[in-house]
Amino acid sequence: MSLTHQPTPGSVEEATGALAGSLARALRGTSDGVGTRSPLASWDRRAGGLAAIRVLGADVLAPFLLTGKPLRQEEAWLVRAAVRDHPAPRGHTPEAALWGVRDTALTAALARLGVDASGWEGLAEPRAPGPLADDWVTLAADLVRLSTAAHPSLHPELRERLLDRRLDVARGLVRAMLRRDLLSAARLTRWLLTLAPDDLTSATLVHLEIAGHHDPRVRFEAAIARLLSDNR
Amino acid sequence: MDATAVRLAQHVGEQAMDWLGRLRTSFALHRDVPDYDISGESLKSLSELALAAAVVAREAVAGPRCAATAGSLLGFAWREFDTGALLYRLQAHTPAATHPMEIYSYFIPAGYRHAQLDRLADHLLSLRAASAVEHVPNRRLAVWAAARRIGARPPGDRDTLTAGTWLGRMPEPWMMDANNAYGVTHTVFHLTDWGADPGGLPEPLCDYLHRWLPVWVEVFRETRFWDLLLEFLIVGVCLPEPMFFPEVWERVAEAQRPDGMMPNGLTAPPVEPEHAWLNHHHPTIVAVVAGTLTVSRALSTATAGGGRA
């Protein structure tokens, strides 16, 4: 009997896992069937499909950003529909600040792919990220939730501010590994690769690729991390 | 480390010492069996009691009652070992064993000596066999450290022995587990002579520990593995630039039982102290050492103006 958590059929969680798996295959150049099929194709017709696109945020654009594959207009429209149907929270709450960073990364990713997202309904208001947590445990937990911005050019301001917090991020990564929280570990590996890779990140990434292979979301994060590592 | 946290560490350590003092008869060796049939566990427990008491005596930062209990327990343990004669007989009976001389070495800083055991240990440590013991690497360092305390020639050199340990290889820090953790803590204890010589820790290992000790402390705090957590707190204060974890001391103090016993975080302690002793004397001994060394290093770094909070 397996004790592995199984998402409820038809849930956003299940759709997010399936989308992550599809995107991971696209990143590794083994997309479904014919290689030209979009990893986002038909996701608006699947239960929880648009919500899954919103959950993965800028990461749904990773196959285009990291492999040079062009983003089609209908794919950009899917992202726009997901943002519209699942708007970012407003106000001055920590949640709204988090979405501010996520949507800054999404807007930057779209811009790099030639899509101007200004005026899109549902996007968070652009704003500078709040102050970083002083302690490494909280900082790492925050960065896990902001991992869609973990790319060398999607949020230069945040990246710049993290450059002298590398050890704190690495401590968060090691803690996640020891807690067997491979998804958080993969996301923090992405941050470290964005800042400055070392022997620890390369060994950790291989471990995540092997030990996290059964979880599509870990697989996807690890595939992004691998391309970030290879593209440096 | 602020004064409140230092007082907390002192309180935990002294409460733990009180408990050990009350439970001293549980540490007594069984006398109705031949020497060589005395169990290894009871020798180990008594020797660890002596070690904790010796650290309290050495650091001289305890209050009068705690200091008196430590002195009394050292004398008790030495008498249990027949003022060294039992350890001598065990060492002579099993010359290839190293634990009698290791236990003996804990008493030496407190001024207890046994001339025949000194000669025997010196002779055994000079044999080729002394460098060919089939120990795990951190245990080889334990013998090396014991030889230094005895004043004999240590078998092997520090750097080679250290390089063989888990810590010495400075592995990926997420490969830590409970077994490796005890290897790491004891490697530090032996290299620094239980905090007496922080400079005995090679600089690369200090850097490695400064990077990763906060993570291990956090993980074992979260899992409430008090025994190991307290050992890691000792490691922090064995560093030349000590690392204190004041917020962790608050959790330790909350976990300590009103009678001074420290739970191990793994087994539920029985109500009767005599029954709780079996599984909980070790974390309580570690609490004494951790509290004492924390107070001592906090005081000395406050004087010197150093340390990391």
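So you know, we letter chains A, B, ... as the sequences are listed, proteins then strands, and number each from 1. A quick note: this is a predicted structure, and the numbers were derived from the prediction, not measured.
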Is the count of non-hydrogen atoms from other residues, nucleotides or ligands lying under 6.0 Å from [X] atom [atom1] greater than 12?
X      : atom1 : answer
A/R161 : CZ    : yes
B/R158 : CZ    : yes
B/E254 : CD    : yes
B/M170 : CE    : yes
B/D159 : CG    : yes
A/D230 : CG    : yes

Exercise. Could you look at A/R175 and say if it's the side chain, the backbone, both or neither that has a heavy atom under 4.5 Å from chain B?
Key: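 Contact with chain B is through both the backbone and side chain of A/R175.
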
Quiz item: What part of A/A170 is in contact with chain B, defined as an atom under 4.5 angstrom from a non-hydrogen atom: side chain, backbone, both or neither?
Solution: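 Contact with chain B involves both backbone and side-chain atoms of A/A170.
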
Quick check for you: to the nearest 0.5 Å, what is the distance between [X] atom [atom1] and [Y] atom [atom2]?
X      : Y      : atom1 : atom2 : answer
B/W174 : A/L173 : CH2   : CG    : 9.0 Å
B/E247 : A/D135 : CD    : CG    : 9.0 Å
B/E222 : A/R179 : CD    : CZ    : 4.0 Å
B/E218 : A/L178 : CD    : CG    : 11.0 Å

Quiz item: What's the shortest heavy-atom distance between A/R171 and B/R211, and which atoms?
Solution: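 That closest heavy-atom pairing would be NE-O, 2.7 Å.
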
